[in-house]
Amino acid sequence: MAPRKIIIDTDPGQDDAVAILLALASPEDVTVLGITAVAGNVPLSLTEKNARIVCELAGKPDTLVFAGCDAPLARKLVTAEHVHGKTGLDGPQMADPTMPLQDQHAVDFIIDTLRREPSGTVTLCPIGPLTNIATAFQRAPDIIDRVQEIVLMGGAYFEVGNITPTAEFNIYVDPEAAKIVFGAGVPLVVMPLDVTHKALTTKDRIAAFRAMGTKVGDMVAAWTDFFERFDMEKYGSEGAPLHDPCTIAYLIQPELFAGRHINVEIETASELTLGMTVADWWRVTDRPANTLFIKDIDAAGFYDLLATRLARL
Ligand code: BDR
Ligand code: CA
C-alpha cells in the first residue's frame with residue numbers, strides 16, 4: 001500500500017515530539033506533507049520552534065513546518081508548563097533550530113494542501129488543541145469533504161479528565177474548535193486518555209530507548225524521564241502515558257488498537273464540565289456515531305513499534 005499522506009498538527013510537548021519522530025521514521029507508512037504548529041502546551045513561538053528542533057533531531061530538516069493559530073477560537077490560551085516544563089520540551093538542553101519556519105500560515109497550508117491533493121488522500125493528525133483545523137474548516141468549508149480521515153489525540157470518557165475533573169487538555173483548551181471538528185462529518189478516530197493511559201512508560205521501555213545508542217534514543221529516554229515525574233506523582237503509576245504517538249502508531253499498525261463507533265459530543269456551555277467529550281459508549285442515545293473511539297491498546301506492541309522505528313533515525 002502507498003504511504004498515507006498526513007499533516008501533523010501539534011503543540012510539542014515531549015509526547016508530541018515522539019509522535020513526530022515516529023512519523024518521520026516511517027516513510028513506508030506515512031508521508032509527512034507538513035507539520036503545523038498550534039498554541040497549546042506552551043505558546044506558539046515555542047511550539048513552532050520545538051517542532052523544528054524535533055525535525056532536526058530526526059535528521060529531516062527539509063520537513064515543512066508552519067506556525068498557525070496563537071490562541072483558541074473564543075477563549076484565553078491555557079498552557080501546560082506544569083507537565084512539559086517552561087520550554088515545552090524540558091529535559092535535556094537543546095540547541096535552537098537552524099532550519100527555517102515556512103512563511104505561509106499553517107491554516108493556509110492546510111487549506112491549500114487539501115485543495116491541491118486528490119480528494120480523500122490526506123489524513124489530518126491533530127495532537128494538540130484543534131484551533132488550526134477548525135479555523136481551516138470554517139474558512140474553507142469545501143476542504144471538509146476532501147479529508148480522508150482525522151486521527152486525533154484528545155478527550156476521555158472512563159478516565160474523565162486530566163486538566164479539569166471532566167476534561168482532557170487538548171479539548172479543554174479549545175472546546176469550540178473541538179465542537180467544529182467533531183461535528184464536521186469527517187471520518188474520525190479518537191485516542192482519548194482511556195487508551196493513552198494504558199500506553200505507560202516503564203523502566204524497561206525507557207531503557208530500550210537508551211539502548212539504541214543514538215542521539216534520538218538518548219533524547220527520547222531523557223524526555224520521557226522528565227515527562228514521567230508529573231504523571232507518576234499524580235496517578236501513582238509506574239510510568240507516564242505517551243499520548244500523542246498513539247495516533248501515528250494507529251496509522252502504521254491499526255491492529256494494535258480496539259474501540260467502538262459511537263457518538264461523541266463536546267460540551268461548550270457548562271462551566272463545570274467545559275471541554276468534556278460526552279461519549280455515548282453504551283449507545284444509550286440515538287445520536288449518530290461520528291467517531292471511532294479507541295479504548296484498548298496492545299501496549300507491548302506499541303512500545304516495540306516505537307523502539308524499532310526510532311532506532312532508524
Ligand atoms: C495531551 O495534552 C498534552 O499535554 C499532550 O501533549 C497530549 O497531546 C494529553 O492530554
Ligand atoms: Ca500534544
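Both ligands and their constituent atoms are indexed starting at 1 by order of listing. Side chains included, hydrogens not; waters and symmetry mates left out as well; all remaining heavy atoms used.
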Revision key, fill the gap. Minimal heavy-atom distance between Q104 and D112, with the atoms involved, is NE2-OD2, 2.8 Å
Practice item. Please indicate how many protein N/O/S atoms are found closer than 3.0 Å to the Ca ion (ligand 2), with waters neither displayed nor included. Key: 5
**Study point:** Check: V107 main-chain N/O paired with N132 side-chain donor or acceptor under 3.5 Å
**Key:** no
Practice item. Using the six-membered ring wherever Trp is involved, compare the ring planes of F209 and Y303 and label them parallel, tilted or perpendicular (cut-offs 30° and 60°). Key: tilted
Point to revise | Those residues that, when tested against K60, pass salt bridge (Lys or Arg N to Asp or Glu O under 4.0 Å) (two or more places apart) | key: none
Review point. Centres of the H105 and F66 rings: under 6.0 Å?
Key: no
Point to revise | Minimum-distance protein heavy atom relative to atom 10 (O) of ligand 1 | key: E168 OE2, 2.5 Å
Practice item. Take C55 and I35 through the side-chain contact (heavy atoms from CB on, under 4.5 Å) test and state the conclusion after the steps. Key: CA-CA 9 Å; C55 293; I35 296 179; 3.7 Å; yes
Point to revise | Polar proximity ligand 1 side, H84 side, N/O cut 3.5 Å exclusive | key: yes
Check your understanding: Between Q148 and T123, is any side-chain donor less than 3.5 angstrom from a side-chain acceptor?
Key -> yes
Review point. Can you check whether L193 has an N/O within less than 3.5 Å of an N/O in ligand 1?
Key: no
Exercise for review: Considering the heavy atoms of D16, write down every atom of ligand 1 situated less than 4.0 Å from one of them.
Suggested key: 6 (O)
Practice item. For atom 6 (O) of ligand 1, find the nearest protein heavy atom and state the residue, atom name and distance (0.1 Å precision). Key: D15 OD1, 2.6 Å
Point to revise | Residue I127 vicinity, atoms of ligand 1 by number, heavy atom under 4.0 Å | key: 8 (O)
Check your understanding: Between T98 and E56, does any side-chain donor sit less than 3.5 Å from a side-chain acceptor?
Key -> yes
Exercise for review: Going by heavy-atom distance to atom 7 (C) of ligand 1, choose the closest among D244, N41, T196.
Suggested key: D244
Review point. Is it true that atom CG of D103 has more than 12 heavy atoms of other residues, nucleotides or ligands lying nearer than 6.0 Å?
Key: no
Check your understanding: Salt bridge between E28 and R309, side-chain N to carboxylate O under 4.0 Å?
Key -> yes
Review point. Which bit of N162 is near ligand 1, meaning a heavy atom under 4.0 Å away: side chain, backbone, both or neither?
Key: side chain
